[in-house]
Amino acid sequence: MALLEAVKVTKQFGGLTAVNELNLVIEKGTIAGLIGPNGAGKSSFFNMVSGLYPPTSGHLLFDGREINGFRPNRVAALGVGRTFQNIRLFNNMTALENVLVGMDCRLKAGWLGALLRPPAVTTEEARAREKAEKLLAYVGLPRAGDDLAKNLPYGLQRRLEVARALASDPKLLLLDEPTAGMNPQETADAMTLIRRVRDELGVTVLLIEHDMKVAMGLSERITVLDYGAKIAEGTPEEVRANPKVIEAYLGKGVATGLAAKREAGPPPPSEPMAELGG
Amino acid sequence: MTQTELLIQLLINGVTIGSYLALIALGYTMVYGIIELINFAHGDIYMLGFMISLTLLGVLGVRGTLGGWELWAVLIGVMLATMLCTGLLNMTIDRLAYKPLRRAPRLAPLITAVGMSFMLENLAMIWKGSSQIFYPNVFPMIDIPNQVLGMKTNVLFTTKDVLLIGVTVPLMVGLSLFIRNTKMGKAMRATAQDREAAALMGIDAENVIRTTFFVGGALAGTAGMIVGLYLNTGRYLMGFDAGLLAFTSAVLGGIGNVTGAMLGGFFIGFLQAFSDQYLSSEWTRIIVFTTLILVLVFRPSGLLGQRTPDKL
């Protein structure tokens, strides 16, 4: 069953077409990858899904419901959580508070309740706190609750962003370059975390990733964008062997050269992408 | 008056002036923190708090000093009603004048705020006239050191000072706790730091903005009423003067920073008290704004402000 479906989604900024008639289906329970060279329209697509701007044309369906033009907080309330390419934590709040902010749309108390503080509100707050602490422990920040987000090391900030996104009990988690800037060990840990989020919490994951090893290693299905259009789709193996993908990444000359080499002798199919992932 | 007495007197004056300025300054700093707008109409909300509470007292038929349960019932009732009125009024102003300009360049809502300020002032002039208005002396004035404590001193510290501080300081503490601990407070801080990221995390930014205007308006309205009870006089332009000083307090403390606004309010209060005494009241404004300029030269983001806008 499709959790997220894009039907002929187009986004134009003035004369620039960032996303061009994109059709995309993300099945419930999968880890899907969105790759493509810089400026291919991956982040624009994320931003449309999360409600930062509406598509110029086309339809976005989440859980069978059209979400075109929904404001970000409504999309989040429907069950879309996300992280950012450049970390955007609330720096001057503690890690725990960051997670609690992520939970905001799931808590009922209004501002009147906040002022008068009836027992229902205090128990809800206590429960929210408990859940936030559990989430911090889940992503591997068990003792960082009282630290300001800005004082955490980079790798932990990325983890905190995941915890904050998970706080709203999302059905779909959008990860924008979750391992950008990480060292190999941190990258491996992040990959384990993302798999656990899907396997244990049942959250569908869609990720943008530049690191080919991560994208290929995590995703069950990969969609490749170039100049806003989908040029390939399939399992990592299918995508890796697709000449159009190689061309988009390395240029036409290299692609034909590789094709010629392939005709001459059978090279391992992973070779061109291994060069990319490097 | 001995030197010590004078010093104590000036400190008392500073705290009283500072406490109501701080209460108004909070509204400037909170709104700036969330939507980066200097709400120039905010001082006039304070003036309307004065006018509205005055009208409510008139409706209740209160003309002179009250005592006993009657005093507290009237005081608390009128204060809550005034807070509700000025809070809703501030929210309405945002809805009508600022919300349509949310995505416009920053100058547009700023100019609108100046226009809104003129509108409110002129409406108040039509409503209450342009001369000084008498505000009934509802709260009894008792000289505490001489009449209650039986001391012989020239220091004037009355029950009205206690009222002023007793209302404003708990409100400030309450606001700080509200912002630090409640769900809405956290949403406010998150929105102030990164409105877009907050929205993407499911926070309804418009709801946060509405609440901010309501709370700011209610605090300014309270300040207007308390000053009415304290000074027993006011006029339609009183919001301009107080607004300017409160705004200066907010900038001095680091605009967008709640603690900074309170600190700035008391700082300006002391400055005014000492300048009134040792120079003359005509010099006070010059001193206040010179200090502002000096602080901004050496600490451009205010006393508690950080270089990256650390808002709320």
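As the structure is a prediction and not an experimental result, all values here were calculated from the model.
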### Query
Can you tell which of B:Ala187, B:Ala205, B:Ala198, B:Ala197 has the highest number of heavy-atom pairs within less than 4.5 Å of chain A?
B:Ala197

### Task
Determine the option with the most heavy-atom pairs under 4.5 angstrom with chain B, choosing from A:Arg82, A:Arg74, A:Arg106, A:Glu97.
A:Glu97

#### Entry: Top of A:Asn91, A:Leu52, A:Asn98 for chain B proximity - count of heavy-atom pairs under 4.5 angstrom
A:Leu52

#### Entry: Part of A:Val75 within contact of chain B (heavy atom distance under 4.5 Å)
neither

### Message
Run the ring pair (Phe, Tyr, Trp, His ring centres under 6.0 Å) test on A:Tyr53 and A:Phe13 for me, step by step, so that the C-alpha distance in whole Å, both residues' side-chain angles and the decisive distance to 0.1 Å come before the verdict.
### Response
CA-CA 11 Å; A:Tyr53 34 73; A:Phe13 294 105; 5.2 Å; yes

### Query
Quick one: what part of A:Arg71 sits under 4.5 Å from any heavy atom of chain B, side chain, backbone, both or neither?
side chain

### Query
Side chains of A:Tyr154 and A:Glu186: is there a donor and an acceptor less than 3.5 Å apart?
no

#### Entry: chain B contact via A:Leu100 - which portion, at a heavy-atom distance below 4.5 Å
side chain

### Query
Within 45 degrees of the axis of the six-membered ring of A:Tyr138 and under 6.0 Å from its centre: does A:Arg196 put its NZ or CZ there?
yes

### Message
Are A:Leu22 and A:Leu225 packed together at the side-chain level, in the sense that at least one heavy-atom pair is separated by less than 4.5 angstrom?
### Response
yes

### Message
Does A:Arg129, at its CZ atom, have more than 12 non-hydrogen atoms belonging to other residues, nucleotides or ligands within less than 6.0 Å?
### Response
no

